[in-house]
Protein chains: 2
Amino acid sequence: MAEQNQELRKAGLKITLPRVKILQILEASEGGSQHLSAEDVYRALLAAGEDVGLATVYRVLTQFENAGLVTRHHFETGHSVFELAKGEHHDHMVCVASGDVVEFTDPVIEKRQHEIAEEHGYELMDHSLVLYVRKKEG
Amino acid sequence: MAEQNQELRKAGLKITLPRVKILQILEASEGGSQHLSAEDVYRALLAAGEDVGLATVYRVLTQFENAGLVTRHHFETGHSVFELAKGEHHDHMVCVASGDVVEFTDPVIEKRQHEIAEEHGYELMDHSLVLYVRKKEG
DNA sequence: CTAGGTGCAAATGTTTTGCAGTGAC
DNA sequence: GTCACTGCAAAACATTTGCACCTAG
């Protein structure tokens, strides 16, 4: 349970119960590769018997995002989802039927993105790639 | 002014003033490759002296989207932007400084996307690629 | 102690909806 | 005339903020 505290300290944030708990929830979700909404995190806190306000969840997630601990995605759902920022960058594949999220990276695509930005006189700062897919039969 | 009416009729929508006007505004924005928010369209209507409610703008844009006349994007702004659906698919490059939007397509990336989906046992239905870029110096 | 963190409630911004009136066909 | 369409106001969301209280360091 000490590692989380290190991460928080490194980000210049005080070690508080809501922050530690939220970090734990995000880490716990890593296995299932869930991408959690603020609401999801909030419900997980309530389910764990923690009395944390939704406003605090938003504040903490935003702080985590600024600190680089967490990445915010918008997909096409009208609300944000958050995931723990692992070291390496990756893109997403979302199943339109089940909502499953698969992460991937592809060097060919990464390289072309840089080239395309250059060709248009721009420098690539960041990008967002989401494939909407459906599981194949048999 | 007849072409718009054809498009509306084809979509099974009655030819009404708000719909025709909104279609015109979207077409007028094509030159500058603007991607308009509902609010933008609403303001353009008011500026043109048309008394159309914001709710109607949303309803009409949603109908246009369902009819395939218009494409809705979310980028990372917290609100939707709309553009006339031209025949061919394209992706977007958004300048983080100026907000300028450049459209592009790249066959290499398109091809890899299909391959990647296949490799994971999925069929590619759709995708969204946005490059966040900054204009290069001199 | 005290600056930063928190909960709650109210405010914000975007998009949707209920309903009674209006207009296209 | 009828039924789809519209405007308006209110509702529904997702997210943010103001403020008085609380707590980690």
Side-chain angles (χ1 to χ4, degrees), chain A residues 1-2 4-25 35-46 48-67 69-82, chain B residues 1-2 4-25 35-46 48-67 69-82:
Chain A
M1 58 175 56
Q4 288 119 346
N5 299 7
Q6 283 309 318
E7 306 212 65
L8 290 175
R9 224 169 248 125
K10 205 159 38 176
L13 299 169
K14 279 187 185 171
I15 317 299
T16 64
L17 186 140
R19 304 221 256 238
V20 173
K21 277 291 167 191
I22 289 173
L23 207 43
Q24 285 176 358
I25 286 168
H35 291 61
L36 303 177
S37 66
E39 194 64 35
D40 290 334
V41 173
Y42 178 59
R43 277 196 296 268
L45 284 167
L46 294 191
E50 304 294 344
D51 188 17
V52 174
L54 179 55
T56 299
V57 173
Y58 276 104
R59 273 188 290 233
V60 169
L61 287 174
T62 302
Q63 291 159 350
F64 284 4
E65 186 190 13
N66 292 336
L69 290 177
V70 150
T71 309
R72 183 192 301 244
H73 300 286
H74 292 260
F75 299 159
E76 305 290 298
T77 48
H79 66 294
S80 306
V81 295
F82 300 84
Chain B
M1 54 175 61
Q4 288 119 345
N5 299 6
Q6 284 308 318
E7 306 211 66
L8 291 175
R9 225 169 245 123
K10 205 159 40 177
L13 300 169
K14 279 188 185 168
I15 316 299
T16 64
L17 185 140
R19 303 221 256 238
V20 174
K21 277 290 169 191
I22 289 174
L23 207 43
Q24 285 176 359
I25 285 167
H35 290 61
L36 303 177
S37 67
E39 194 66 33
D40 290 333
V41 173
Y42 178 58
R43 276 197 296 268
L45 284 167
L46 294 190
E50 303 294 343
D51 189 17
V52 174
L54 180 56
T56 299
V57 173
Y58 275 104
R59 273 188 290 234
V60 169
L61 287 174
T62 301
Q63 290 159 351
F64 284 5
E65 186 190 12
N66 292 337
L69 289 178
V70 150
T71 309
R72 184 192 302 244
H73 300 287
H74 291 261
F75 299 159
E76 306 289 298
T77 48
H79 66 295
S80 306
V81 295
F82 300 83

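So that the names make sense, note that chain A is the first sequence line, chain B the second, and so on, each numbered from 1. Quick caveat, the model's predicted, so the values are computed rather than measured. Scope of the values below: all heavy atoms of this structure, side chains included, with no hydrogens, waters or symmetry mates.
What separates CG of B:Leu36 from P of C:dT15 is a distance of 13 Å, to the nearest Å. The distance between atom CD of B:Gln63 and atom P of D:dC5, rounded to the nearest whole Å, is 6 Å. Between A:Asn66 atom CG and D:dT16 atom C1' the separation is 14 Å, expressed in whole Å. Rounded to whole Å, atom P of D:dC5 lies 13 Å from atom CZ of B:Arg9. The separation between A:His79 atom NE2 and C:dT15 atom P is 15 Å, rounded to whole Å. For the pair B:Arg19 CZ and C:dT22 C1', the computed distance is 14 Å after rounding to whole Å. The interatomic distance linking B:Phe64 (CZ) with D:dC5 (P) rounds to 11 Å, in whole Å. C:dG5 atom C1' lies 10 Å from atom CG of A:Leu13, rounded to whole Å.
Put simply, the side chain of A:Glu39 does not reach to within 4.5 Å of the side chain of A:His79, judged on heavy atoms. Put simply, the side chain of B:Val52 does not reach to within 4.5 Å of the side chain of B:Lys21, judged on heavy atoms.
A:Phe75 pairs by the ring-ring contact (aromatic ring centres under 6.0 Å, His included) definition with A:His73, A:His92, not counting sequence neighbours.
Distances were taken from every side-chain heavy atom of A:Ala55 (C-beta onward) to each of D:dT16, C:dA3, C:dT17; the shortest belongs to D:dT16. Here C:dT15 is the nucleotide among C:dT6, C:dC25, C:dT15 with the atom lying nearest to any side-chain atom of B:Leu54. The side chain of A:Thr16 has C:dT6 as its nearest neighbour among C:dG7, C:dG23, C:dT6. Nearest nucleotide to the side chain of A:Val60, out of C:dA9, D:dC8, C:dT6: C:dT6.
Contacts of B:Leu17 with the nucleic acid, taken as non-hydrogen atoms under 4.0 Å apart, are absent. Among the atoms of the strands shown, only primed sugar atoms or phosphate atoms (P, OP1, OP2) are found under 4.0 Å from some heavy atom of A:Ser80.
Here the straight-line distance linking atom CG of B:Leu8 with atom CZ of B:Phe64 works out to 5.0 Å at 0.5 Å rounding.
Between the side chain of A:Arg59 and the base of C:dG7 there is at least one donor-acceptor pair of N/O atoms closer than 3.5 Å.
Residue A:Tyr58 has a polar side-chain atom (N or O) positioned under 4.0 Å from OP1 or OP2 of D:dT15.
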